[in-house]
Protein chains: 2
Amino acid sequence: MARATIQNWQTSLPPGDCAACPIRKFAAYAGASRGSLKFLRSCRLGERVLPPKRNIYREEREADELFTLYDGWAFTYKLLPDGRRQILDFLLPGSFIGLHVLWFKAMPHSVQSLTSVSLCVFDKEKFRDLLRRKPEYERELLKYSASCQALSDERLSDLGRRTAKERIARLILEIHDQLADRGMVDRGSFPFHVRQEHIADALGLTKVHVSRTLQGLRHEGLVEIGRQTANILDLRGLRELTGFTERRALQLC
Amino acid sequence: MARATIQNWQTSLPPGDCAACPIRKFAAYAGASRGSLKFLRSCRLGERVLPPKRNIYREEREADELFTLYDGWAFTYKLLPDGRRQILDFLLPGSFIGLHVLWFKAMPHSVQSLTSVSLCVFDKEKFRDLLRRKPEYERELLKYSASCQALSDERLSDLGRRTAKERIARLILEIHDQLADRGMVDRGSFPFHVRQEHIADALGLTKVHVSRTLQGLRHEGLVEIGRQTANILDLRGLRELTGFTERRALQLC
DNA sequence: CGGATTTTTGAAAACCATCAACGCGGGTGG
DNA sequence: CCACCCGCGTTGATGGTTTTCAAAAATCCG
């Protein structure tokens with residue numbers, strides 16, 4: 001518990017003013033006009049800091065708050081009745097969390113923190129009002145939702161039609177590319193707060209097989225995964241392994 | 001070719017007036033106000049009929065039309081460079097097709113007809129205008145997009161964490177439930193225009209293994225899949241097999 | 001240093017893929 | 001009208017990828 005407290009201090013808080021928010025350009029409402037940001041701010045209930053392994057939402061439960069992940073990592077997942085877990089997506093700073101609460105009685109999935117996280121908290125009803133009064137947010141969210149869907153379709157192709165090696169290589173590259181956008185990659189090295197068990201549950205594998213496959217990638221000199229960091233040794237080779245197809249489809253008109 | 005022509009005639013066309021459209025209540029813009037339907041109608045370029053196995057979109061290509069599937073079945077898919085195919089979703093009457101063209105330079109996936117289909121065709125630019133002028137359509141589409149995402153997350157859990165038998169049972173039930181909403185199920189029997197190879201490519205299996213698994217389900221007296229129809233013999237048993245978890249999460253607030 | 005978490009290793013088995021051949025039926029063409 | 005062909009489903013034998021189970025080693029953290 002003391003540990004959690006310490007970690008809280010390591011996690012930076014979002015500024016009070018959305019216009020000054022450094023991660024806003026990665027958020028769902030990135031394109032919102034400056035003038036409308038004060039409406040966004042009025043939906044904010046404040047910020048919240050959570051230690052690792054805490055649930056932000058729980059599947060099949062109601063909720064009346066939405067979030068933007070400001071700092072830290074999290075993931076969305078579903079649990080089968082017998083305990084099998086499917087991780088749907090990893091969430092990095094800027095991710096919009098909880099779109100579903102706007103219409104659905106219960107959340108269709110759970111969300112859990114991976115590191116300590118800090119969140120912007122929005123009130124459901126106020127956010128609904130925001131959408132009614134400022135349609136530009138609806139447009140931004142719709143675009144955001146469509147691009148998330150495209151990423152999710154890529155993951156579906158991974159699970160359905162790619163080998164374990166390809167899946168793992170692509171997951172590492174996906175995280176790499178997202179962090180590179182945010183300027184968080186230093187000569188192939190970047191933070192990597194995902195354990196092998198998370199990789200397994202995201203990619204439909206067992207942790208044992210993830211361990212073996214990761215060793216394979218290391219022995220081929222492609223990538224090393226350390227405790228909290230990843231290090232891509234041969235970006236070219238890693239991309240070749242995955243068949244090149246890198247997010248051409250996501251360019252905007 | 002004569003065949004294709006004949007099939008065209010078997011496919012019914014949507015009415016000119018959206019307000020009179022019988023499948024509108026299953027469409028993305030189901031909740032649109034009656035008054036705004038004339039704007040929707042003004043986006044329509046007309047209707048189009050295609051024979052089976054024709055592409056409506058092609059991955060990585062540009063497009064300037066959107067569609068609503070009025071009659072017939074289709075599916076969305078992605079192709080890997082070496083020919084492996086992943087079917088992302090099956091589309092039934094009412095499905096909105098091509099949300100992505102509103103923002104993205106290229107389609108992130110392909111769409112192909114399974115039977116002969118008839119489509120309402122919308123112009124991209126006019127549809128963009130519609131969204132600007134009638135924000136209620138944006139809201140409806142956002143809700144639609146969120147519910148599609150929830151279904152897609154279910155599929156991801158299938159591929160990642162369920163056995164072949166569970167996956168197939170759930171796919172059949174998903175189609176059953178959607179058709180039941182539309183009143184197209186008659187004592188467990190319903191149209192089923194999906195070949196075993198499509199099931200395989202949707203669920204990350206081979207057609208051989210789908211064949212064997214389907215036989216298993218038949219021998220257990222659960223379900224029979226014929227040429228163009230499915231027949232659920234034991235709905236209770238089939239649902240039990242999948243672990244009950246039936247779309248509780250999708251109830252609206 | 002000790003306890004919990006995470007990763008690694010090994011052996012055996014399950015599940016599913018692959019390959020190849022055959023059967024069946026509906027539509028086409030002779 | 002019948003034979004043929006093609007698409008689709010079935011079957012069997014075999015092999016590979018991945019899982020399972022169990023235990024040890026390594027790492028982290030207090």
Side-chain angles (χ1 to χ4, degrees), chain A residues 1-7 10 51-53 80 82-87 112 114-116 158-169 191-219 223-230, chain B residues 1-7 10 51-53 80 82-86 112 114-116 158-169 192-219 223-230:
Chain A
M1 205 55 197
R3 168 95 184 110
T5 310
I6 288 170
Q7 288 203 334
Q10 294 174 344
K53 299 191 186 178
L80 305 199
D82 64 356
R84 285 174 285 181
R85 180 175 71 171
Q86 177 62 43
I87 290 181
Q112 185 172 113
L114 220 32
T115 64
S116 67
D158 283 353
L159 298 207
R161 286 292 179 240
R162 279 187 246 251
T163 64
K165 197 170 165 184
E166 292 172 314
R167 294 180 208 185
I168 292 176
F192 196 81
H193 300 291
V194 165
R195 328 257 104 249
Q196 293 187 5
E197 185 155 10
H198 296 122
I199 299 179
D201 283 345
L203 301 182
L205 304 166
T206 57
K207 58 188 178 183
V208 174
H209 198 241
V210 169
S211 171
R212 291 195 236 264
T213 308
L214 235 26
Q215 279 177 76
L217 291 173
R218 191 186 316 135
H219 290 143
V223 61
E224 284 174 344
I225 303 287
R227 289 228 123 241
Q228 308 275 2
T229 63
Chain B
M1 207 54 201
R3 169 96 184 109
T5 310
I6 288 169
Q7 289 204 332
Q10 295 172 343
K53 299 189 185 180
L80 305 200
D82 63 357
R84 285 174 285 182
R85 180 174 73 169
Q86 178 62 43
Q112 187 173 112
L114 220 32
T115 64
S116 67
D158 284 352
L159 298 206
R161 286 291 177 240
R162 279 188 247 251
T163 65
K165 197 170 164 186
E166 292 173 313
R167 293 180 209 184
I168 291 176
F192 196 81
H193 300 290
V194 165
R195 325 259 107 246
Q196 294 189 1
E197 186 155 9
H198 297 120
I199 299 178
D201 283 344
L203 300 182
L205 305 166
T206 58
K207 56 185 180 185
V208 175
H209 198 241
V210 169
S211 172
R212 290 195 236 265
T213 307
L214 235 25
Q215 279 177 77
L217 291 174
R218 190 186 316 136
H219 290 141
V223 61
E224 284 174 344
I225 302 288
R227 287 219 137 262
Q228 307 275 2
T229 62

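Worth saying up front: this structure is predicted, and the values here are computed from it rather than measured. Letters A, B, ... mirror the listed sequences (proteins, then strands); counts begin at 1.
Residue contacts for B/R218: at a heavy-atom cut-off of 4.0 Å it reaches the sugar-phosphate backbone alone, with no base atom in range. Within the 4.0 angstrom heavy-atom criterion, only backbone atoms of the sugar-phosphate kind lie near B/L205; the bases stay farther away. Heavy atoms of B/K165 sit nowhere under 4.0 angstrom from any nucleic acid atom.
Here the straight-line distance linking atom CD of A/Q86 with atom CZ of B/R162 works out to 9.5 Å at 0.5 Å rounding.
For A/D201 and B/R161, the salt-bridge test passes: some basic side-chain N is under 4.0 Å from an acidic carboxylate O. Under the 4.0 Å criterion applied to side-chain N and carboxylate O atoms, A/R85 and A/E197 are not assigned as salt-bridge partners.
Across the protein-nucleic acid pair, B/D158 atom CG and C/dC16 atom P stand 13 Å apart, rounded to whole Å. Atom CD of A/Q196 and atom P of D/dA25 are 18 Å apart (whole Å). Between the CD atom of B/Q215 and the C1' atom of D/dG9 there is a distance of 9 Å, rounded to whole Å. Rounded to whole Å, atom P of C/dT9 lies 14 Å from atom NE2 of A/H209. Whole-Å rounding puts the A/L214 CG to C/dT8 C1' distance at 12 Å. Following rounding to the nearest Å, B/R162 (CZ) and D/dT19 (C1') show an atom-to-atom distance of 18 Å. Atom-to-atom, NZ of A/K207 to C1' of D/dT18 comes out at 15 Å; the value is rounded to the nearest Å. Rounded to whole Å, atom P of D/dT18 lies 15 Å from atom CD1 of A/I199.
Using a 4.0 Å cut-off, some side-chain N or O of A/R195 falls inside it from OP1 or OP2 of C/dT7. Between B/S211 and D/dT10, a side-chain N or O to OP1/OP2 separation shorter than 4.0 Å is present.
Judged by closest nucleotide on DNA chain C, A/V194 is the one of A/V194 and A/R161 placed further toward the 5' end. Mapped onto DNA chain D by nearest heavy atom, A/R227 and A/G204 fall at different nucleotides, with A/G204 at the one closer to the 5' end.
Taking the side chain as every heavy atom from C-beta outward, B/D158 and B/E166 never approach each other to under 4.5 Å.
Below the 3.5 angstrom threshold, one finds no donor paired with an acceptor across the side chain of B/R212 and the base of D/dG9.
Checking each of B/L214, B/V223, B/I225 against B/I168 for a side-chain contact (heavy atoms from CB on, under 4.5 Å) leaves exactly one that passes, namely B/L214.
Between D/dC21 and C/dC16, the distance separating the two P atoms is 15 Å to the nearest Å.
The side chain of B/V208 approaches D/dG12 more closely than any other nucleotide in the set D/dT19, D/dT18, D/dG12.
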